[in-house]
There are 2 protein chains.
Amino acid sequence: MNKYEIIAETIQQSIYDQKLEQGTKLPNVESLMKQHNVSKSTITKALDTLEKRGAIFQQRGSGIFVRRQRREGYVSLLTNRGFTADLKEFNITSEVLKLERMNADDEVKMNLHLEENEEVYYVERLRRIDNDILCIEVSYFPVKLVPYLNNEIAEGSIFNYLTDALKFNISFADIYMHIDELNDIDAKKLELKQGNPALFLEQVVYLATGEPFDFSKITYHYKHSKFFVQATNY
Amino acid sequence: MNKYEIIAETIQQSIYDQKLEQGTKLPNVESLMKQHNVSKSTITKALDTLEKRGAIFQQRGSGIFVRRQRREGYVSLLTNRGFTADLKEFNITSEVLKLERMNADDEVKMNLHLEENEEVYYVERLRRIDNDILCIEVSYFPVKLVPYLNNEIAEGSIFNYLTDALKFNISFADIYMHIDELNDIDAKKLELKQGNPALFLEQVVYLATGEPFDFSKITYHYKHSKFFVQATNY
DNA sequence: GAGTGGTCTAGACCACATA
DNA sequence: ATGTGGTCTAGACCACTCG
């Protein structure tokens, strides 16, 4: 880890450990420099990182303050680290409904930038949060990037498998959302009724190289899904 | 404007003007340094800014590439600059249903960190996107921060009024979302039926000082609201 | 190995907030 | 006026990618 990353972790941890409230003032830049024995730019970089994550905000001429402060029970859409929900806070489990290799259809080809006749893994999962049904997730992974996938992996976190075992360097994601009524099939899977409201989310996730490796369509149970976004004005 | 901001604008504009596609490689850091006659850190800062905005991605050892690429018709939840929707792309108009000064109730007091007996402006607006009904928005602004508001201002962009006339320095926002069925009253306003799906969004917007100045509850019309989020893995 | 972006330093100077 | 964070420089060195 780089110096600035270590410093960022240290500060974030100390906010967490001391349960500092929103608005609490942190030590100034100079004392952080001395404390960690690094140059000003390194402290600045560490603080910028924490600001991006939504942990602090900085005000020129005034100081550095704790931001954080989320309501209970909401899942962050752009989690602190990684897009998958905070697995520590919430107990999320997955039941694999289907897993197979298949040829990509047009929609999948377009979203994953695939050529003709390329194969993908198709995974359909029912995900639960603390035993409540959270969503149905249908995912596609190109075989050329994800050469192997099985039920055991899909029951856990596929993203953890990709980063840990396959050393994927996940970089960014495009997320599209809309609301609509449930159709008959999805309603049954979610144990709801046809016509009930649902949030439909599509995401394309990219490697650091810019290659898309995951296209997923997720249908959320309207009673058990609450989302949280920390926006910053760039 | 700072040097790095000007450089960031220039690069972003050139991507836009040349309609560069995702994955297009940009000039390397050294040539950008020479071209703008600045040091490496300044270029780095400019590129970091663009990366935060989702306009580019950088890959060590390889280059700088164009990211951008959004589907048509989706409103960005964390717009390029500012949280209010891209007003240039979409024609958003507001009809003021109600505007009055009142005492804050408990919910408003909590979200805006107000003391007992503080007054707020209450604004209820029906917002349209290209003549379709987009949402009902109910907003609260503390009078101590927003001493004046009228119908004419509320028919336009309140945020523009706050930043331009009152010189507000808007810094960040917390956004909470959930899905549910419409009640009778909201359904009528949105010209929908009771029980239809809706996205409910609550936002608290903060100044650079960390003071909250806006608490809004927004109910979106499910047929005319599509959202887009660009996530980055910090 | 050549080329690319990323980190880090030491120090000068600037812009803003607050009392 | 003082203190605080923000910008910028010049240059050294590091880490990754790719042919």
K.L.:
Let me know the distance between CG of B:Asp48 and P of C:dG5, rounded to the nearest Å.
P.N.:
13 Å

K.L.:
Check the orientation of B:Phe159 and B:Phe213. Use parallel for under 30°, tilted for 30 to 60°, and perpendicular for over 60°.
P.N.:
tilted

K.L.:
Is the distance between the ring centroids of A:Tyr74 and A:Phe227 under 6.0 Å?
P.N.:
no

K.L.:
I need the NE2-P distance between A:His36 and C:dC8, as an integer number of Å.
P.N.:
13 Å

K.L.:
Quick check: are there more than 12 heavy atoms from other residues, nucleotides or ligands sitting under 6.0 Å from CD of B:Glu100?
P.N.:
yes

K.L.:
Would you check if B:Ile11 and B:Leu26 make a side-chain contact, meaning some heavy-atom pair closer than 4.5 Å?
P.N.:
yes

K.L.:
Select from B:Ala208 and A:Met1 the residue whose nearest nucleotide in DNA chain C is closer to the 5' end of that strand.
P.N.:
A:Met1

K.L.:
Any side-chain N or O of B:Tyr4 under 4.0 Å from OP1/OP2 of D:dC8?
P.N.:
no

K.L.:
So which protein nitrogen or oxygen atoms get under 3.5 Å of nucleotides 16-19 of chain D's nitrogens or oxygens?
P.N.:
unit_1 : atom_1 : unit_2  : atom_2 : d
D:dT17 : O4'    : B:Gly61 : O      : 3.4

K.L.:
Regarding B:Arg53 and B:Gln12, is there a side-chain donor-to-acceptor distance under 3.5 Å anywhere?
P.N.:
yes

K.L.:
Provide, to the nearest angstrom, the distance between the NZ atom belonging to B:Lys45 and the P atom belonging to D:dT7.
P.N.:
4 Å

K.L.:
Assert yes or no for the condition that the ring centre distance of B:Phe168 to B:Tyr161 is strictly below 6.0 Å.
P.N.:
no

K.L.:
Below 4.0 angstrom from OP1 or OP2 of C:dG6, is there any side-chain N or O of B:Gln58?
P.N.:
yes

K.L.:
Expressed as a whole number of angstroms, how long is the span from B:Lys25:NZ to C:dT4:P?
P.N.:
7 Å

K.L.:
Provide, to the nearest angstrom, the distance between the CG atom belonging to A:Leu26 and the C1' atom belonging to D:dG5.
P.N.:
13 Å

K.L.:
With sequence neighbours left out, write down each residue that passes ring-ring contact (aromatic ring centres under 6.0 Å, His included) with B:His178, or none if nothing qualifies.
P.N.:
B:Phe200

K.L.:
By the 4.0 Å heavy-atom rule, please label B:Ile64 as base, sugar-phosphate, or nothing.
P.N.:
sugar-phosphate

K.L.:
Are the side chain of A:Thr163 and the backbone of A:Asn160 linked by a donor-acceptor contact shorter than 3.5 Å?
P.N.:
yes

K.L.:
Report yes if the distance between the aromatic ring centroids of A:Tyr121 and A:Phe141 is under 6.0 Å, otherwise no.
P.N.:
no

K.L.:
Identify all pairs in which a protein N or O lies below 3.5 Å from an N or O of nucleotides 9-13 of chain D, and state each distance.
P.N.:
unit_1 : atom_1 : unit_2  : atom_2 : d
D:dT9  : OP1    : B:Lys3  : NZ     : 3.0
D:dT9  : OP2    : B:Ser39 : N      : 2.8
D:dT9  : OP2    : B:Ser39 : OG     : 2.8
D:dT9  : OP2    : B:Thr42 : OG1    : 2.3
D:dA10 : N6     : B:Ser41 : OG     : 3.4

K.L.:
Rounded off to whole Å, could you give me the CG-to-P distance for the B:Leu47 and C:dT4 pair?
P.N.:
14 Å

K.L.:
Specify the separation, in whole Å, of atom CG of B:Leu207 and atom P of C:dT18.
P.N.:
11 Å

K.L.:
For B:Phe65 and C:dG3, give me the distance from atom CZ to atom P, rounded to whole Å.
P.N.:
17 Å

